[in-house]
Amino acid sequence: MSILTSSGRVAGAASVGRTKRLRPSYWPFVVPALIVVVGVIVFPWVFTLWMSAMEWRIGEEQRFVGLQNYVRLATDVRFLEAMAHTLVYTALSVVAPLVLGTAAALAFNTKLPARGLLRGIFVMPMMATPVAIALVWTMMFHPQLGVLNYLLSQIGIGPLQWVYHPSTVILSLVLVETWQWTPLVMLIVLGGLASLPTEPYESAQIDGATAWQRFRYLTLPMIKPFLMVAVIIRSIDALKSFDILYTITQGGPGTASETINLYLYSVAFTYYDVGYGSAIAVVFFVLIILLSLVLLHLRQRSAWNSGDGK
Amino acid sequence: MASVSIRNVRKSYGPVEIIKGVSIDIRDGEFVILVGPSGCGKSTLLRMIAGLEEISGGTIAIDDRVVNDMPPKDRDIAMVFQNYALYPHMTIADNMSFALRLKNTAKSEIAAKVERAAGILGLGPLLDRFPRQLSGGQRQRVAMGRAIVRDPKVFLFDEPLSNLDAKLRVQMRTEIKEMHQRLKTTTVYVTHDQIEAMTMADKIVVMHDGIIEQVGAPLDLYDNPANMFVAGFIGSPAMNFIPGSIGGDGFTTEDGSRLPLGGRVPAASDGRPAVYGVRPEHFRLADEGLAAEVVVVEPTGSETQMVLRPLGSKAGQAGAGREDRKRELTWVLRERTGARPGEVVRIAPDPARAHLFNPDTGLRL
């Protein structure tokens with residue numbers, strides 16, 4: 001039975017057994033790493049927390065205000081809208097690449113002619129610089145001069161405003177994000193597909209499963225751990241997304257595509273309200289941590305190939 | 001319950017023909033074992049019955065319905081694979097009920113069938129576990145349970161015991177046989193292990209290089225092998241083959257020793273080259289017999305196996321090669337023996353149970 005306990009618990013037990021007191025003569029060896037961690041991770045965060053409790057505008061007197069910045073956030077319509085934009089943008093930028101990437105992985109997993117070449121071409125968007133991508137897409141989105149509207153006109157669909165209209169701007173940005181990051185999901189899922197056992201598919205065939213049922217009841221549950229990895233990576237990436245948004249729309253038109261990142265940037269570096277900006281950063285940080293925890297928990301539950309799967 | 005009729009079935013991969021026209025009739029409720037060495041086409045044939053491989057020529061019919069172009073799910077068969085092929089992300093209960101759930105069977109009926117199968121196989125306490133939490137034998141039982149709940153016309157087994165250890169294999173052999181006696185479902189079973197074939201089958205089909213060498217009841221194959229391949233393949237340790245020629249009322253080995261034929265001399269065969277086949281257990285000590293030196297003695301408790309080197313044969317001389325080694329004889333005796341390597345014994349075959357084969361065609365004379 002002890003073999004069946006999850007690897008996490010076994011590893012945990014082992015490390016508990018090893019936590020002896022560190023001998024004082026070993027301490028100097030920890031110091032360099034400690035300095036780096038404190039300097040790069042701990043200090044900025046503590047400093048941000050401290051700033052978020054201050055009224056701190058660049059060039060003005062600093063004043064301790066406690067939680068006042070956070071209270072202000074709760075009633076800041078622009079912040080709440082930015083939060084909504086961020087969540088919508090993130091959700092779409094996770095789901096669309098996930099669906100398309102999985103479909104692409106399934107296609108690349110078959111004996112396609114010229115599979116290697118096609119796969120190479122398919123992953124190219126991932127390698128491009130975000131700012132370069134953003135500039136190219138900005139041109140393509142142009143309502144009069146852009147190639148997208150030209151292509152649509154060929155199939156009889158009227159000109160769209162793309163990133164120049166509040167109702168389509170987020171969808172258009174998601175399109176760019178999807179174009180760039182679908183290949184990543186495809187690579188992750190393709191790796192998962194390659195690791196699947198082949199025998200269950202034969203027994204499923206005999207058990208009477210159609211191609212769709214084999215995908216629904218075998219492939220999908222078996223690649224779920226890989227899909228969860230893709231979801232985690234995509235969620236964190238999409239939440240953090242800044243470069244493409246800033247280059248293409250800078251949050252516009254108006255504030256229709258302003259995400260928390262963009263709002264934070266404006267508050268801190270356009271309005272120089274460092275204290276308030278820090279409060280936004282802290283809230284955003286907590287949001288990312290919570291989301292990551294939920295996703296990691298889900299990922300662990302989805303694992304059928306390790307631990308005891310409960 | 002169903003009969004399976006295989007008519008002149010062929011299978012080719014490109015220009016390579018794997019199965020070269022095979023016909024087998026399997027009666028309703030029969031336990032048929034396809035046996036043969038690796039690469040003889042037995043698994044391919046089974047997969048063609050299952051519908052996992054296309055049939056290049058000939059027909060396969062289940063219950064008189066030709067199934068050549070029928071997908072596996074419509075053939076009403078269940079298959080147990082060598083590596084179990086369980087669904088790793090499903091519990092044992094889900095594994096067993098998967099086929100029924102696909103058919104939208106009523107929940108109460110599924111539960112009853114799973115419970116019945118679990119009862120037959122002793123899987124009751126394991127239903128909530130996952131395959132990875134089970135031992136090899138338990139997994140194999142789940143694979144069988146999955147087949148049982150389907151209540152199919154035909155069970156197909158593809159080397160189901162190969163991944164188990166020796167002790168478990170013997171136990172599962174009995175369980176499968178018991179299961180067949182209880183359910184009386186037509187069964188086609190593939191193995192390379194002739195002991196499995198001998199112990200379990202109603203009928204054995206010996207295959208070799210894509211053709212059928214012989215079909216028959218286990219003891220029938222043992223007593224009356226059609227050719228040298230079957231004679232050598234069925235029975236363990238394998239039959240001894242002694243080359244020589246027929247002369248007078250007996251057989252003269254290449255070394256000049258005489259072996260009795262018990263008056264069963266084939267007509268018009270004087271001086272004709274032949275191979276004398278005798279099973280290891282059909283030798284006895286005899287003063288007038290073949291003189292041979294004991295090479296190895298292997299007692300197993302219930303019996304003793306001895307490797308002997310006939311005197312005068314090249315096998316005993318320095319520089320004896322692999323070919324000469326083949327001249328060595330195996331003798332199995334029920335009694336215990338004090339014989340030691342290096343001693344010389346004289347043994348004679350039981351002429352009533354010896355066979356003569358044509359050295360060119362391998363057929364029994």
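Residue numbering restarts at 1 for every chain, and letters A, B, ... go by the order of the sequence lines. The structure displayed is predicted, hence computed values, not measured ones.
- Heavy-atom pairs under 4.5 Å with chain A were tallied for B/Val80, B/Asp74, B/Leu100, B/Leu52; the largest tally goes to B/Leu52.
- Of the atoms belonging to A/Tyr217, heavy atoms from both backbone and side chain fall under 4.5 Å from chain B.
- No part of B/Ala143 comes within reach of chain A, as not one of its non-hydrogen atoms sits under 4.5 angstrom from that chain.
- Smallest separation of non-hydrogen atoms from A/Gly208 and B/Leu102: C-CD1, 3.7 Å.
- For B/Ala50 against A/Ile206, the heavy-atom pair with the smallest separation is CB-CD1, 4.0 Å.
- Taking both residues in full, the closest heavy atoms of B/Met90 and A/Leu218 are given as CE-CD2, 4.1 Å, listed atom of the first, atom of the second, then distance.
- For A/Arg115, the CZ atom sits in a packed shell: over 12 heavy atoms of surrounding residues, nucleotides or ligands are nearer than 6.0 Å.
- Among B/Arg101, B/Lys103, B/Lys73, B/Gln82, the residue with the largest count of heavy-atom pairs under 4.5 Å with chain A is B/Lys73.
- Minimum interatomic distance between B/Phe98 and A/Ala204 (heavy atoms only, all atoms of both residues): CE2-CB, 4.3 Å.
- Looking at every heavy atom in both residues, A/Glu202 comes nearest to B/Phe81 through OE1-CE2, 3.4 Å.
- Contacts between B/Leu86 and chain A at a heavy-atom distance below 4.5 Å involve the backbone alone (N, CA, C, O).
- Only the side chain of B/Arg47 has a heavy atom closer than 4.5 Å to any heavy atom of chain A.
- More than 12 heavy atoms of other residues, nucleotides or ligands shown are found within 6.0 angstrom of CD on A/Gln213.
- Across B/Arg150, B/Arg75, B/Met79, the residue that shares the most heavy-atom pairs under 4.5 angstrom with chain A is B/Arg150.
- Between A/Ser203 and B/Ala85, the closest heavy-atom pair is OG-O, 2.9 Å.
- Within the model, atoms CE of A/Met222 and OH of B/Tyr87 stand 9.5 Å from one another, a figure rounded to the nearest 0.5 Å.
- Highest contact tally toward chain B, considering only A/Thr210, A/Asp207, A/Thr198, is held by A/Asp207 [criterion: heavy-atom pairs under 4.5 Å].
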